[in-house]
Amino acid sequence: RAVAAATQPLLGFQAVPASVADAIVVPPGYKAEVLIAWGDALFADAPAFAQSNDAKAQARQFGDNNDGMSFFPLGPDRALLAVNNEYTNYEYLFADGGKVLDAGAVAKAQAAHGVSLVELVRIDGKWQANPKGALNRRITATTPMTLSGPAAGHALLKTQADPEGRTALGTFNNCSNGQTPWGTYLTCEENFNGYFGSEGKPVLDPRAARYGLAAEDAGFGWHRFDERFDLAKHPQEPNRFGWVVEIDPKDPASTPKKRTALGRFKHENAAFTVNKDGRAVVYLGDDERGEHIYRFVSKNKVVPGNDPANRDLLDEGTLYVARFEAKEGELKGTGQWLPLVHGQNGLTRENGFADQGEVLIFAREAATRLGATTMDRPEWVAVHPHRAEAYCTLTNNKNRGLKENQPLDGANPRAENPYGQIIRWRPAAGDHGSDSFEWDLFLLAGNPGVHKEGLMAGSANIHPDNMFNSPDGIGFDEAGRLWIQTDGDYSNEKQFAGMGNNQMLCADPASGEVRRFLTGPIACEITGLTFSPDWRTLFVGVQHPGEELAPSHFPDGGTSIPRSAVLRITRDDGGIIGA
Ligand code: FEO
Ligand code: CA
Ligand code: CA
Ligand code: CA
């Protein structure tokens with residue numbers, strides 16, 4: 001049996017073609033169904049979805065634009081799904097498309113953000129959402145949270161409303177996620193800057209610009225109706241965002257904790273692994289052109305099981321940032337983790353870092369001082385389940401080769417990179433706590449139909465039947481299949497011709513083979529994945545179908561407005577997904 005298992009190919013499903021249809025397509029023998037969608041009721045007193053739902057209703061319903069998610073078993077047929085609700089699309093949230101905002105509209109938008117916790121129940125072998133689950137919970141842009149770790153109580157985190165600098169309200173732009181072995185959920189704050197603005201002339205810390213903070217917001221208009229978001233009045237409020245937040249999903253009364261030891265930047269996900277010496281290691285991407293990849297290593301060891309000793313493990317440890325090196329012309333090399341520790345390597349008061357809190361609050365500035373490598377937008381990191389190896393999607397970067405701080409290098413080798421690549425590293429001695437590693441590029445996405453040769457054609461494992469651009473979500477299953485999701489250009493034209501809608505693929509890390517597994521509806525991004533413990537149900541997120549009024553009616557069909565949704569994917573024969 002062992003011999004047979006060893007020779008069985010890792011990828012056992014039939015590839016699906018690229019698609020521009022307003023539909024989910026999965027391989028023959030697979031089924032994709034909607035588990036839950038934006039606006040679905042999470043409590044017995046919540047109304048059914050309607051575009052006219054108000055803020056109060058939205059706060060009792062599944063949030064919008066679901067992204068990263070994790071599955072928490074509660075029993076053989078009962079579980080809890082924690083799901084990020086990254087942002088909302090005003091063109092669908094409001095009947096007038098958000099043209100005229102008021103306080104009620106902003107409150108509804110705030111309620112559409114955050115995290116949704118929904119109980120699942122398995123009936124007739126299929127996991128379904130339980131709208132009456134006792135652990136169902138909504139966390140929104142106004143839910144009270146504790147700031148903990150080295151920056152908690154720091155002068156830079158204090159505001160009029162919170163003179164202690166220890167209590168923040170809410171979380172938003174929760175992109176991707178992580179899960180700890182002690183049963184908590186990690187939700188990562190990404191583009192927090194876009195929610196702050198001012199009609200006045202804010203006076204900001206000079207380092208705020210690195211985070212994109214400015215008087216002009218991203219169009220959400222919150223500062224006009226909720227003073228907290230007005231930078232002229234509360235210039236330090238944004239310092240309380242851009243963190244990784246830890247949530248105890250099994251205690252609906254618990255207060256989420258912002259773990260400042262993991263640094264403040266535009267967090268993508270938090271790829272958690274227990275190192276062989278027992279310490280927690282969390283790999284973190286900072287998704288912006290020319291930003292960095294980070295690693296947190298806990299001071300203390302993980303105590304196996306759901307032990308109270310683990311509860312504040314993420315408050316103490318060391319944050320590092322990566323430097324990638326390569327010989328001229330090589331797409332592989334060596335690298336180092338550089339510690340963001342106050343007092344070391346120039347992270348001193350003279351250089352603008354009064355203490356460790358300031359190093360963490362302005363982690364990007366600290367990383368630059370250490371000589372970290374600027375990357376092509378680091379999105380998710382995934383750690384291989386059996387080998388000491390981690391993978392990170394570098395989604396694309398139109399600035400590569402154009403901006404002085406973003407020269408071409410081995411890890412980011414293409415000018416104005418439209419396609420993205422996946423980098424991987426192997427820590428020295430198989431030790432995720434080691435300060436050095438070897439790296440290579442697992443793949444370069446590209447278009448061999450448009451580019452006959454050169455790096456824009458993609459790496460050797462990319463061909464006309466598996467082309468895609470902008471890898472973003474990634475995750476491993478237990479067998480070591482690497483699942484890849486895309487958030488790319490879905491025009492299907494010019495340099496993206498033949499790629500179709502955003503999609504999900506599956507790769508064999510050993511052979512390098514990449515096979516398309518799923519295609520999404522019009523103008524969506526595919527993002528968020530988690531499995532049931534038996535690996536026979538895969539949950540996948542469909543985010544912003546029909547964005548910017550593209551003609552999608554997913555998932556309800558007819559003339560309905562499109563809704564982000566979580567899919568449940570199973571095999572007709574009940575087998576393991578992907579095998
Ligand atoms: Fe929310 Fe970097 O994606
Ligand atoms: Ca993403
Ligand atoms: Ca993305
Ligand atoms: Ca997204």
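Keep in mind that the numbers below use all heavy atoms, side chains included, and drop hydrogens, waters and symmetry copies. On a predicted model such as this, the values are computed, not experimentally measured, just so you know. In listed order, ligands and their atoms are each counted from 1.
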| request: Provide the atom name of the closest N, O or S atom of Asp287 relative to atom 2 (Fe) of ligand 1. | output: OD2
| request: Can you tell me, to 10 degrees, how wide the angle at atom 1 (Fe) of ligand 1 is between SG on Cys175 and OE2 on Glu86? | output: 100°
| remark: Here the vertex angle at atom 2 (Fe) of ligand 1 for OE2 of Glu190 and OE1 of Glu379, given to 10°, is 160°
| Heteroatom N/O/S of Glu268 within less than 2.8 Å of atom 2 (Fe) of ligand 1 | yes
| query | To the nearest 10 degrees, how large is the angle at the Ca ion (ligand 2) between Asp472 OD2 and Glu268 OE2? | reply | 130°
| Ile522 backbone acceptor or donor facing Asp22 side chain under 3.5 Å | yes
Side chains of [X] and [Y]: is there a donor and an acceptor less than 3.5 Å apart?
X: Tyr87; Y: Glu190; result: no
X: Tyr211; Y: Asp205; result: no
X: Asp226; Y: Gln110; result: yes

| Are any N, O or S atoms from Glu379 nearer to the Ca ion (ligand 2) than 3.0 Å? | yes
| Considering only heavy atoms from C-beta outward, does the side chain of Ile423 approach that of Met375 to under 4.5 Å? | yes
